[in-house]
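Notes for the one structure printed next.
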Amino acid sequence: QVQVVESGGGLVQPGGSLSLSCSASGNIFLIHVMGWYRQPPGKQRELVAGITSDGNTNFMNSVKGRFSISRDLAGKTMHLQMKDLKLDDSDVYYCHALAQTRRGGRTEPYWGQGTQVTVSA
């Protein structure tokens, strides 16, 4: 099994910065993609930022230029740096990992429990 755990988050004023981290552990052969999602009220969960095993990144339009994403060399820890935070960035942020537990095995999605980010004056 694979466990995904988020850390960071909290309360910040508009224009402030915050960092989130996500660590995957367990029986991991390879993590292909890691990403951060959020789910605004009444909407589907949406991708905020993602990063592949070879370092390619993508961001939702509203966070481009404000958020950055990185992974450590082992590929099991991911960081999201958030700057110039806006009220609309408030949400629960979920870490997601697409991983294989063995060579040739299926690629499965794994989710963390989520961490709250609140942007408020």
Side-chain angles (χ1 to χ4, degrees):
Q1 266 293 2
V2 177
Q3 295 79 41
V4 177
V5 178
E6 303 98 339
S7 61
L11 174 64
V12 65
Q13 292 184 340
S17 299
L18 211 55
S19 296
L20 304 181
S21 294
C22 172
S23 292
S25 62
N27 187 24
I28 298 172
F29 169 70
L30 177 65
I31 300 176
H32 296 279
V33 182
M34 296 186 81
W36 290 97
Y37 286 74
R38 65 192 190 192
Q39 187 167 11
K43 297 185 178 181
Q44 291 188 335
R45 193 169 289 188
E46 55 190 9
L47 177 67
V48 177
I51 184 167
T52 65
S53 57
D54 52 4
N56 291 319
T57 61
N58 67 305
F59 298 89
M60 67 188 311
N61 287 334
S62 65
V63 307
K64 287 180 180 178
R66 300 189 295 120
F67 290 14
S68 61
I69 190 170
S70 62
R71 282 172 72 171
D72 69 350
L73 290 177
K76 296 181 182 179
T77 301
M78 172 180 62
H79 305 284
L80 184 69
Q81 302 285 343
M82 304 182 290
K83 298 180 180 179
D84 189 21
L85 283 160
K86 304 180 185 305
L87 297 177
D88 286 346
D89 293 320
S90 295
D91 212 323
V92 178
Y93 284 67
Y94 298 92
C95 179
H96 174 261
L98 278 173
Q100 288 175 278
T101 57
R102 60 179 177 85
R103 183 186 298 274
R106 292 193 304 178
T107 299
E108 303 271 5
Y110 299 92
W111 291 95
Q113 293 298 308
T115 185
Q116 179 70 47
V117 171
T118 302
V119 184
S120 175

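FYI, the numbering just counts along the sequence from 1.
Between Ser25 and Lys76, the closest side-chain pair of non-hydrogen atoms is not below 4.5 Å. Considering only heavy atoms from C-beta on, Arg38 stays 4.5 Å or farther from Lys43 through its side chain. Between Asn58 and Ile69, the closest side-chain pair of non-hydrogen atoms is not below 4.5 Å. Glu108 has its side chain out of reach of Thr101: every pair of non-hydrogen atoms, C-beta onward, lies at least 4.5 Å apart. Leu98 places a side-chain heavy atom less than 4.5 Å from the side chain of His96. Side-chain contact between Pro14 and Lys86 is absent, with no heavy atoms from C-beta onward closer than 4.5 Å. Contact of the Arg45 side chain with the Tyr94 side chain is registered, since non-hydrogen atoms from C-beta on lie closer than 4.5 Å. Under the 4.5 Å side-chain criterion, counting only non-hydrogen atoms from C-beta, Met34 is in contact with Cys22.
Between the side chain of Thr115 and the backbone N or O of Gly8 there is at least one donor-acceptor pair closer than 3.5 Å. Formation of a donor-acceptor pair under 3.5 Å by the Glu6 side chain with backbone atoms of Gly114 is found in this model.
Among Asp84, Asp88, Asp89, the single residue meeting the salt bridge (charged side-chain N to carboxylate O under 4.0 Å, His left out) criterion with Arg66 is Asp89.
In terms of heavy atoms, Phe59 sits closest to Ala49 at CD2-CB, 3.5 Å. The heavy-atom pair separating Leu11 from Ser120 by the smallest distance is CD1-CB, 4.0 Å. What you find for Tyr93 and Asp91 is that their closest heavy atoms are CD1-O, 3.4 Å. For the pair Ile51 and Arg71, the tightest heavy-atom approach, listed with the atom from each and the gap, is CG2-CD, 3.3 Å.
In summary, the side chains of Ser53 and His32 do not present any donor paired with an acceptor at a separation below 3.5 Å, with no hydrogens or angles considered. Between the side chains of Gln81 and Ser19, at least one donor N or O sits under 3.5 Å from an acceptor N or O.
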- Message: As a quick check of understanding, evaluate ring-ring contact (aromatic ring centres under 6.0 Å, His included) for Phe67 and Trp36, giving each step before the final call.
- Response: CA-CA 11 Å; Phe67 290 14; Trp36 290 97; over 10 Å; no
Exercise for the section: Please test Ser70 against His79 for side-chain hydrogen bond (donor to acceptor under 3.5 Å, both in side chains), starting from the C-alpha separation and ending with a verdict. Expected result: CA-CA 5 Å; Ser70 62; His79 305 284; 5.2 Å; no
_Audit row: Ser21, Met78, side-chain contact (heavy atoms from CB on, under 4.5 Å) steps and yes/no_ = CA-CA 6 Å; Ser21 294; Met78 172 180 62; over 6 Å; no
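Residues Leu87 and Met82 are members of one and the same hydrophobic cluster, defined by side-chain heavy-atom contacts under 4.5 angstrom among Ile, Leu, Val, Met, Phe, Trp and Tyr. Hydrophobic clustering of Ile, Leu, Val, Met, Phe, Trp and Tyr side chains at less than 4.5 Å, counting indirect connections, unites Tyr110 with Val48. Hydrophobic clustering of Ile, Leu, Val, Met, Phe, Trp and Tyr side chains at less than 4.5 Å, counting indirect connections, unites Val119 with Met60. In the hydrophobic clustering of this structure, Val2 groups with Ile31; members are Ile, Leu, Val, Met, Phe, Trp, Tyr whose side-chain heavy atoms approach within less than 4.5 Å, directly or through other members. Connection of Val117 to Val4 is established within a shared hydrophobic cluster, with ILVMFWY side chains joined at heavy-atom distances below 4.5 Å, either directly or through further cluster members.
To the nearest 0.5 Å, the span separating CG on Leu80 from CG on Leu20 amounts to 5.0 Å. Distance CG/Leu30 to CZ/Arg102: 13.5 Å, rounded to 0.5 Å.
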